[in-house]
Amino acid sequence: MSKVSKWLLISVLLAAFIFIFFYKLRVDRTVRSIPQPRAAPNACPFRVSDDTITPLSNTKHLLVSAFMDQRVKGFDIRIIGIFRRDSIQPLYCVFCCSGHLSTTTATTILQHTDNFGFPFATTDVMCPIPQNCKATHVSLQTQQDRVEVFNQTWLPIRNQKGKEEKMFDFTVCVSNLFGEYNNVLQFAQTLEMYRLLGVDRVVIYNTSCGPDLERLLQGYSQEGFVEMVPWPIDKHLNPSRGWLFSMSGGDVHYFGQLATLNECIYRSMDRSRYVLLNDIDEIIMPYHHNNLKLLMETLQQQHPNTGVFLIENHAYPKKPFEESKMGPLPQWKGVPGFNILERIYREEPDRSIYHPHKLIVQPRSVEQTSVHEVLKTFDKIFKVPPDVCRVIHSPIKVSSQRPQEFLHVDTRLWDFEEKLITRVNEALSRTGLLSSEG
């Protein structure tokens, strides 16, 4: 090949290379200049509620939590809410099914029968999950066909299979803290008494508490014994401080106590064998057994197919500590609250009138509960004799104290005195509230 031919071939190849290079560059720039379609995000949930109380759009109602619950035939989901009783309207469930929306399904709305005359009451919304939907979140709407994805607030569905947490033996549900409650000494004593009796977890619904108690509870939360659930009911409603609307007024019974008790049962459904429903000034105390586990093993053996155990409430009113033969410990003098070890006088209840109980339940046995009794249950109910187990109730004040002849000395708490004092001192030391005296 001649030199001319070689240079001609090289020129052609070079021209072709330059053409291909600039053509590709132009194409790449053109492609890049055209907005590329983004990977389609999940259609849902667009806005997930992280709050414990969520207003339901276009209604006067509040939503609390959604749970998988297939114990009632025809339903899969139970949403616990606080509904305005005179404003109930049809509602429809829509589900997030692994990233895509389901069609709407009609709901069944179940108002709890205990409302104590208040305008708002605890309410369950029941709905089925459509076929071929692996639901992760649920939302409620007032329209059947139109789904407003971007306006929906979604609740995560709890208690799903495969997401079980560590199983506890006993969980205590403390329904409400409010009014800057700051009874630190009684609170620390009660929590440590729970622990001595075998309680694994205490769930507390907190609207407000005092600064000293806040410090105490932070320590218990960090170690995992206490689970604090924010409960800002006063941001949404005018909560009552009393239990009866005709006497106290307000929107909802006792800061939404009934909703918290039910929510706590469902929260504990797959992670606790038993749930104790009582207040922080109450201790469910076995008298024939050293702990709750031994008590419940005996009761379950004696009463099979029983899922609800009613424990009679007994008040232990304040008496002068000289009469209790146990004065206050010097190091507890500066601690807000009072010493429950001084409460050794038990009132004999007047059983000729209604007398309240508190509850130990197997959570899967309960569908709906009130404060002193269950409203709907799948299993039997048994009233535990008070000589076997009773509630030691140490209120700040008693509305009407019974005469001396109805008071009995009961020093059951003193059986745990040494261990209790040591543990309470450790808890108070963590908060810096323990005095250096004594």
Side-chain angles (χ1 to χ4, degrees), residues 43-49 51-97 101-130 133 135 137-158 231-240 245 249-253 255-263 266 367-370 375-376:
C44 56
F46 183 76
R47 185 175 61 193
V48 177
S49 175
D51 299 324
T52 48
I53 301 177
T54 303
L56 176 58
S57 299
N58 303 316
T59 74
K60 298 179 180 180
H61 311 319
L62 303 173
L63 304 180
V64 180
S65 300
F67 297 94
M68 184 74 72
D69 183 13
Q70 298 174 316
R71 296 172 301 166
V72 179
K73 187 177 181 181
F75 299 107
D76 303 294
I77 299 296
R78 182 185 301 267
I79 301 173
I80 297 175
I82 302 174
F83 279 30
R84 175 93 187 185
R85 294 194 293 129
D86 62 2
S87 301
I88 302 297
Q89 71 252 63
L91 294 173
Y92 303 89
C93 277
V94 59
F95 293 94
C96 177
C97 310
L101 287 172
S102 72
T103 56
T104 59
T105 60
T107 66
T108 295
I109 299 175
L110 305 174
Q111 286 194 54
H112 290 216
T113 53
D114 270 8
N115 54 61
F116 303 109
F118 288 92
F120 285 80
T122 304
T123 303
D124 294 339
V125 181
M126 310 291 291
C127 37
I129 298 177
C133 170
H137 297 75
V138 63
S139 185
L140 288 175
Q141 59 185 48
T142 55
Q143 297 181 355
Q144 181 173 8
D145 299 320
R146 186 179 176 187
V147 178
E148 297 283 352
V149 179
F150 297 106
N151 293 330
Q152 295 293 114
T153 299
W154 298 85
L155 299 179
I157 299 172
R158 308 179 67 166
W231 189 248
I233 188 69
D234 53 344
K235 301 296 189 296
H236 302 276
L237 299 173
N238 174 26
S240 170
F245 176 73
D251 291 327
V252 66
H253 163 269
F255 281 75
Q257 180 185 34
L258 296 174
T260 60
L261 291 175
N262 282 273
E263 206 274 350
Y266 281 87
E367 186 178 354
Q368 294 178 352
T369 192
S370 185
L375 303 177
K376 291 184 179 181

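- The shortest heavy-atom contact between L155 and S65 is CD1-C, 4.3 Å.
- Taken to the nearest 0.5 Å, the CD1 atom of I53 stands 6.5 Å off from the CG atom of L62.
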| task | Apply side-chain contact (heavy atoms from CB on, under 4.5 Å) to the pair H253 and D114, showing each step before the final yes or no. | result | CA-CA 10 Å; H253 163 269; D114 270 8; over 6 Å; no

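- Put simply, CG on L56 and OG on S49 are 11.5 Å apart, with the number rounded to the nearest 0.5 Å.
- Looking at heavy atoms from C-beta onward, S102 lies in side-chain contact with V94 at the 4.5 angstrom threshold.
- For the residue pair S370 and F116, the shortest heavy atom distance occurs at OG-CZ, 4.2 Å.
- Between the side chain of T123 and the backbone N or O of A121, at least one donor-acceptor pair lies under 3.5 Å.
- Contact between F95 and W154 at its shortest, heavy atoms only, is C-CZ3, 3.7 Å.
- When side chains are defined from C-beta on, P119 does not count as touching R85, because their heavy atoms never get closer than 4.5 Å.
- Side-chain atoms of Y266 come within 3.5 Å of backbone N or O of E367 as a donor-acceptor pair.
- Remark: K60 NZ to Q89 CD distance equals 9.5 Å, nearest 0.5 Å.
- Take N58 and apply the side-chain contact (heavy atoms from CB on, under 4.5 Å) test, not counting sequence neighbours, and it matches T142.
- Between the CD1 atom in I79 and the CE atom in M126 there is a gap of 10.0 Å [rounded to 0.5 Å].
- N115 pairs by the side chain to side chain donor-acceptor pair (under 3.5 Å) definition with nothing, not counting sequence neighbours.
- V64 is not listed as a side-chain neighbour of T52, based on a closest heavy-atom distance of 4.5 Å or more.
- A distance-only check finds a donor-acceptor pair linking the side chain of T107 to the backbone of L91 [under 3.5 Å].
- In this structure, H236 and P55 have side chains that are in contact, with non-hydrogen atoms separated by less than 4.5 Å.
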| request: Under the side-chain contact (heavy atoms from CB on, under 4.5 Å) rule, what do M68 and I129 come out as? Steps first, then yes or no, please. | output: CA-CA 10 Å; M68 184 74 72; I129 298 177; 4.0 Å; yes

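- Distance check: H137 NE2 to R47 CZ gives 13.5 Å after rounding to the nearest 0.5 Å.
- Note that the OH atom of Y92 and the CG atom of L140 stand 12.0 Å from one another [nearest 0.5 Å].
- Between I157 and A135, the closest heavy-atom pair is CD1-CB, 3.8 Å.
- Taking all atoms of both residues into account, the shortest heavy-atom contact from F75 to C127 is CD2-N, 3.8 Å.
- Although no hydrogens or angles enter the test, the distance criterion places no donor-acceptor pair under 3.5 Å between the side chain of S87 and the main chain of R84.
- Between A259 and T122 the shortest heavy-atom distance is N-OG1, 3.2 Å.
- Every residue two or more places apart in sequence or in another chain that forms a side-chain contact (heavy atoms from CB on, under 4.5 Å) with T369 is listed here: L261, N262, I265, L277, L359, V366, V374.
- Evaluated for a side-chain contact (heavy atoms from CB on, under 4.5 Å) with I82, the options L237, L258, D251 yield exactly one hit, L237.
- Using the six-membered ring where Trp is involved, H61 and F83 have ring planes that are parallel, under 30° apart on the 30 and 60° scheme.
- You'll find the side chain of F245 stays beyond 4.5 Å of the side chain of S240, heavy atoms only.
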